[in-house]
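Encoded as structure tokens, the structure appears first; notes follow it.
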Amino acid sequence: MGCSVPSLLLHLFSLIMFLVFNPPCVCGNVEDDELKSLLDLKAALDPDNTYLSSWTMNGNPCGGGSFEGVACNDQGQVANISLQGKGLSGKLSSSIAGLKHLTGLYLHYNSLSGDIPKEIANLTQLSDLYLNVNHLSGEIPSEIGKMENLQVLQLCYNQLTGSIPTQLGDLKKLSVLALQSNQLTGAIPASLGDLGMLMRLDLSSNQLFGSIPSRLADVTSLQVLDVHNNTLSGNVPPGNNDLLMVILICWCC
Ligand SMILES: *[C@@H]1O[C@H](CO)[C@@H](O)[C@H](O)[C@H]1NC(C)=O
Ligand SMILES: *[C@@H]1O[C@H](CO)[C@@H](O)[C@H](O)[C@H]1NC(C)=O
Ligand SMILES: *[C@@H]1O[C@H](CO)[C@@H](O)[C@H](O)[C@H]1NC(C)=O
């Protein structure tokens, strides 16, 4: 089988063009699956590609701020996403679960709607989750109870419904739980009394009913407990907590 010179040149040319348009690696050291997760996330968060146009298929998320709001750790893994107040009006997609090394997710003060995907619970490194002041609806996924490193959970000022999952009592490192100004119903789970590092608990302006679990008053780290503007009944339980300085309770408003 002969291979003439022009045909050889043609093959060489094709190879060069292939390499030009498909460079073997312009991806820096970010893991390819993380890039894919970011692009899937962007498509949902910013469907019109208005605010996250710097997140591109050929870009490098860990290339020193080239992906707006994305910060990576020393291993070239996506560690933080900070997009608070960016006018995002889409949804939080389950592809967030692909960013396994994420420690901080800051999406507050946007106009995100839809549910909180239960897959978010796969982010077991996550310590800060800020989804407050959006239009999120649906229930708080009980799976969040598996996020063992969570320290701050800010879900306030959304339209969340259903009851507070008892599994939140499994978040042993949680110091702030802010669920105020949603449409949460049901009783305050007694399991929140297991949150041994909890400093601030705000459940105000929901539709919670029943009594305040007495175990809450024994959380010695708790400094602020705000339950005003619910339909709670009974007395503030006496506890062993000298630090608990502010208890705001309004039975009727
Ligand atoms: C992620 O955010 C946290 C909290 O602001 C900060 O301490 C940490 O250094 C950030 N990590 C990276 C890799 O930027
Ligand atoms: C979440 O984690 C489980 C178990 O580690 C895994 O089987 C599943 O595929 C993960 N889900 C996503 C969306 O990454
Ligand atoms: C009480 O909570 C409801 C939502 O449950 C809210 O609409 C209202 O503004 C709150 N009122 C006060 C006084 O905080």
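Both ligands and their constituent atoms are indexed starting at 1 by order of listing. Counting begins at 1 with the first residue of the sequence.
For ligand 3, the polar-atom distance check against N182 finds no nitrogen or oxygen pair separated by under 3.5 Å. Between N122 and ligand 2, at least one N/O pair is under 3.5 Å apart.
Between R215 and D194, some side-chain heavy-atom pair lies under the 4.5 Å cut-off. Side-chain contact between T103 and D128 is absent, with no heavy atoms from C-beta onward closer than 4.5 Å.
Those atoms of ligand 2 that come under 4.0 Å of a heavy atom in A97, given as number and element, are 12 (C), 13 (C), 14 (O). Taking every heavy atom of E119 and a limit of under 4.0 angstrom, the matching atoms of ligand 2 come to 13 (C).
The only option from N206, L179, L136 that meets the side-chain contact (heavy atoms from CB on, under 4.5 Å) definition with L160 turns out to be L136.
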Requested in this report: Run the numbers on I120 and I144 for side chain to side chain contact (heavy atoms under 4.5 Å, CB included), then give the verdict.
Outcome: CA-CA 7 Å; I120 202 167; I144 285 184; 4.2 Å; yes
Requested in this report: Could you give me the CA-CA distance, side-chain angles and deciding distance for L216 and L225, then say whether side chain to side chain contact (heavy atoms under 4.5 Å, CB included) is met?
Outcome: CA-CA 9 Å; L216 264 184; L225 169 63; 4.2 Å; yes
Query raised in the report: Going through the checks in order, is the side chain to side chain contact (heavy atoms under 4.5 Å, CB included) test met by T161 and T185?
Result: CA-CA 7 Å; T161 52; T185 53; over 6 Å; no
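Listed as neighbours of ligand 1 are A71, C72, A79, N80, Y106, each bearing a heavy atom under 4.0 Å from the ligand.
In this structure, Y130 belongs to a hydrophobic cluster whose other members, linked by side-chain heavy atoms under 4.5 Å apart, are Y106, V152, V176.
Between K100 and E34 there is no salt bridge, since none of the side-chain N atoms of the basic residue sits less than 4.0 Å from a carboxylate O of the acidic one.
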